[in-house]
Novice: 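Take this structure, written in structure tokens, and hold onto it; I'll ask about it next.
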Amino acid sequence: MDEIDVPPFFLCPISLELMKDPVTVSTGITYDRHSIEKWLFASNNATCPVTKQPLLPDLTPNHTLRRLIQAWCTVNASHGIQRIPTPKPPVDKTIIQNLLKDASGSPNLQLQCLRTLKSIASESQTNKRSIESAGAVKFLASVITNTINSCLDDDVELELKASVADEALSLLHNIQLSEPGLKTLLSHPEFTHSLTKVMQKGIYESRAYAVFLLKSLSEVADPVQLINLKPELFIELVQVLKDQISQKASKATLQTLIQVCPWARNRVKAVEAGAVPVIVELLLECRERKPCEMMLVLLEILCQSADGRAELLAHAAGVAIVAKKILRVSTTANDRAAKILLAVCRFSATPSVVQEMVQLGVVAKLCLVLQVDSGNKAKEKAREILKLHAKAWKNSPCIPGHLLASFPITS
């Protein structure tokens, strides 16, 4: 390929590689199917990469161009160019609908159908959209809910039914549901409760898939659908976070909790599920920027409640680790950590807490925040915290002299 000139119109405008399955979009530009599907469906873009105009999701195979590319490959075979194969056409929706009908019987039939659908979905993004539009979302939600609810410990088909639920959950995750598809799941009775049961008893992969789906559902749900979540859901989310089954699962769990905890009821449920000490323990070990930021964001939300602050103060390393992350992670982390400390100092500052903050070096760290480039928001909060308890802190021997100079003047 490096030794010969490839006609520029044979190259995909996105990947800049020879197109294997050219398709034309509504703006008239031709792309390789894999690249444009990834652009549209996996990255959730809605505009043409070249023209920046709005795009319809319809992709029309450009058979003429594909044949020209194949002919060019044949002519240049002596240069080591392999002929691109004729691509497999997207699956017909009728085939999917027939598969769904055939799967209404025994667990064995369901398992066979699900594995066939999984194979079809793996071929292209277009197939994934076809599976979704053929009504598979409701079918899969029903399979998961009915199967999990019917799984009793003494069931002779327990292992088979569990495999059916695992396959259905895997397929739901892999087809990368659109927003309408996710809202279809939200409207299904007991589906969220079924995901809770999966997190409680499921295998490693299924617990992760359940969390991934919950994250996606929380991003499109109406507030009324998030306010009355059951306490069991928070218990299992915190357990997934504690178990650290994978980095992606932990990230999705944090994102889900951040999405649902702005509501006071949910904050209480998360705190009661033990979220605060788990986050503190994870912060003690965390060295990566993004996870640290998300943990501090969530911790700040939970510390908006009295119980959340009490849990933070009850942990021997709670206040100390929050202060330690200031100036060590990012400007965002500085701001969130300062907000946590401000909430503690404003609403939960008993004399012993005020004294402990000096002894742990928290006050010295706040003085340092005022002297260095830590972000304006963090500086404002640090200044406010120091003013709140200036009388108790200003003359403390625990604060180095060079930092006392930055102590804010109080009236």
Novice: With the side chain counted from C-beta on, respond yes when Leu299 and Val276 share a heavy-atom pair under 4.5 Å apart, and no when they do not.
Specialist: yes
Novice: Would you give the length of the straight line joining atom CD of Glu190 to atom CD1 of Ile144, rounded to the nearest 0.5 angstrom?
Specialist: 13.5 Å
Novice: Do Pro87 and Lys20 have side-chain heavy atoms sitting under 4.5 Å apart?
Specialist: no
Novice: Considering only residues two or more places apart or on different chains, which pairs with a residue in residues 90-114 satisfy ring pair (Phe, Tyr, Trp, His ring centres under 6.0 Å)?
Specialist: none
Novice: Could you go step by step and tell me if Lys324 and Ile321 meet the side chain to side chain contact (heavy atoms under 4.5 Å, CB included) rule?
Specialist: CA-CA 5 Å; Lys324 185 177 181 180; Ile321 191 59; 4.1 Å; yes
Novice: Please find the pair of heavy atoms, one from Arg309 and one from Ser348, that lie closest to each other, and give the distance.
Specialist: NE-OG, 2.8 Å
Novice: Return the minimal non-hydrogen interatomic distance between Lys93 and Ala134, and the atom names on each side.
Specialist: CG-CB, 3.6 Å
Novice: Please assess Leu233 against Leu214 for the test side chain to side chain contact (heavy atoms under 4.5 Å, CB included), listing each intermediate value before the final yes or no.
Specialist: CA-CA 10 Å; Leu233 176 66; Leu214 282 168; 3.7 Å; yes
Novice: Examine the side chains of Gln304 and Glu300 and answer whether a donor and an acceptor come within less than 3.5 Å of each other.
Specialist: yes
Novice: Can any side-chain N or O of Lys269 pair as donor or acceptor with the backbone N or O of Leu229 at less than 3.5 Å?
Specialist: yes
Novice: With no hydrogens and no angle check, is any side-chain donor or acceptor of Asn62 less than 3.5 Å from a backbone partner on Thr24?
Specialist: no
Novice: Look up atom OG in Ser122 and atom CG in Leu117, then write down how far apart they are to the nearest 0.5 Å.
Specialist: 11.0 Å
Novice: Is there a side-chain contact between Ser330 and Glu293 (heavy atoms, below 4.5 Å)?
Specialist: yes
Novice: Would a distance-only check, ignoring hydrogens and angles, find a side-chain to backbone donor-acceptor pair under 3.5 Å from Lys325 to Leu283?
Specialist: yes
Novice: Hey, does Cys261 have a side-chain heavy atom less than 4.5 Å from the side chain of Leu302?
Specialist: yes
Novice: Could you tell me whether the side chain of Trp263 and the main chain of Asn228 form a donor-acceptor pair under 3.5 Å?
Specialist: no
Novice: Take atom CG in Asn376; do more than 12 heavy atoms of anything else shown fall under 6.0 Å from it?
Specialist: no
Novice: Mark yes or no for whether Ser133, through its side chain, and Ser130, through its backbone, hold a donor-acceptor pair below 3.5 Å.
Specialist: yes
Novice: Would you say Asp373 has more than 12 foreign heavy atoms packed within less than 6.0 Å of its CG?
Specialist: no
Novice: With the side chain counted from C-beta on, respond yes when Leu140 and Leu185 share a heavy-atom pair under 4.5 Å apart, and no when they do not.
Specialist: no
Novice: Please report the shortest heavy-atom distance between Val297 and Ile258, naming the atom on each side.
Specialist: CG1-CD1, 3.9 Å
Novice: Cut-off 3.5 Å, side chains only: do His193 and Glu232 have a donor facing an acceptor?
Specialist: no
Novice: Is there a donor-acceptor pair under 3.5 Å between the side chain of Lys379 and the backbone N or O of Leu370?
Specialist: yes
Novice: Taking Asp307 for its side chain and Glu272 for its backbone only, find out whether a donor-acceptor pair lies under 3.5 Å.
Specialist: no
Novice: Looking at CE of Met294 and SG of Cys286, how far apart are the two atoms once the value is rounded to the nearest 0.5 Å?
Specialist: 8.5 Å
Novice: Is there a side-chain contact between Glu219 and Leu182 in this structure, where contact means two heavy atoms from C-beta onward sitting under 4.5 Å apart?
Specialist: no
Novice: Any side-chain donor-acceptor pair under 3.5 Å between Gln112 and Asn108?
Specialist: no
Novice: To the closest 0.5 Å, what do you measure between CE (Met199) and CD1 (Ile245)?
Specialist: 9.5 Å
Novice: Would you say Arg66 and Pro61 make side-chain contact, with heavy atoms under 4.5 Å?
Specialist: no
Novice: Give a yes or no on whether the backbone of Asp21 and the side-chain of Asp32 come within a donor-acceptor separation of less than 3.5 Å.
Specialist: yes
Novice: Would you indicate whether the side-chain heavy atoms of Met357 and Cys345 approach each other to under 4.5 Å?
Specialist: yes
Novice: Identify the two heavy atoms, one from Ala323 and one from Lys365, that lie closest to each other, and give their separation to 0.1 Å.
Specialist: O-NZ, 3.0 Å
Novice: Out of curiosity, Leu296 CG to Cys303 SG, how far, rounded to the nearest 0.5 Å?
Specialist: 10.0 Å
Novice: Who are the side chain to side chain donor-acceptor pair (under 3.5 Å) partners of Ser163, not counting sequence neighbours?
Specialist: none
Novice: Going from OG1 on Thr253 to CZ on Arg207, what distance comes out if it is rounded to the nearest 0.5 angstrom?
Specialist: 9.0 Å
Novice: Check the pair Glu384, Glu380 against side chain to side chain contact (heavy atoms under 4.5 Å, CB included), reporting the backbone distance first and the verdict last.
Specialist: CA-CA 6 Å; Glu384 188 173 349; Glu380 290 171 9; over 6 Å; no
Novice: Looking only at heavy atoms, what is the nearest atom pair of Phe139 and Leu114, with distance?
Specialist: CE2-CD2, 4.1 Å
Novice: Scan side-chain atoms only and decide if Arg33 and Thr126 contain a donor-acceptor pair under the 3.5 Å cut-off.
Specialist: yes
Novice: For residues 164-177, tabulate all N or O donor-acceptor pairs below 3.5 Å that involve a side-chain atom, not counting sequence neighbours.
Specialist:
from: Asp166; atom 1: OD1; to: Ser206; atom 2: OG; distance (Å): 2.6
from: Ser170; atom 1: OG; to: Lys118; atom 2: NZ; distance (Å): 3.1
from: Ser170; atom 1: OG; to: Asn174; atom 2: ND2; distance (Å): 3.2
from: Asn174; atom 1: ND2; to: Ser170; atom 2: O; distance (Å): 3.0
from: Gln176; atom 1: OE1; to: Gln125; atom 2: NE2; distance (Å): 2.9

Novice: Any sub-3.5 Å donor-acceptor pair from Glu132's side-chain atoms to Ser178's backbone N or O?
Specialist: yes
Novice: Which atom names give the shortest non-hydrogen contact between Ile131 and Ala136, and what distance separates them?
Specialist: O-CB, 3.1 Å
Novice: Take Val319 and Leu313 through the test side chain to side chain contact (heavy atoms under 4.5 Å, CB included) and record every step on the way to the result.
Specialist: CA-CA 7 Å; Val319 172; Leu313 292 171; 3.5 Å; yes
Novice: Lys381 and Asp335: salt bridge (Lys or Arg N to Asp or Glu O under 4.0 Å), yes or no, with the steps?
Specialist: CA-CA 8 Å; Lys381 294 176 182 68; Asp335 176 46; 2.7 Å; yes
Novice: Please check this pair: side chain of Asn334 against backbone of Leu327, looking for a donor-acceptor N/O pair closer than 3.5 Å.
Specialist: yes
Novice: Side-chain donor-acceptor pair under 3.5 Å between Ser35 and Glu17, yes or no?
Specialist: no
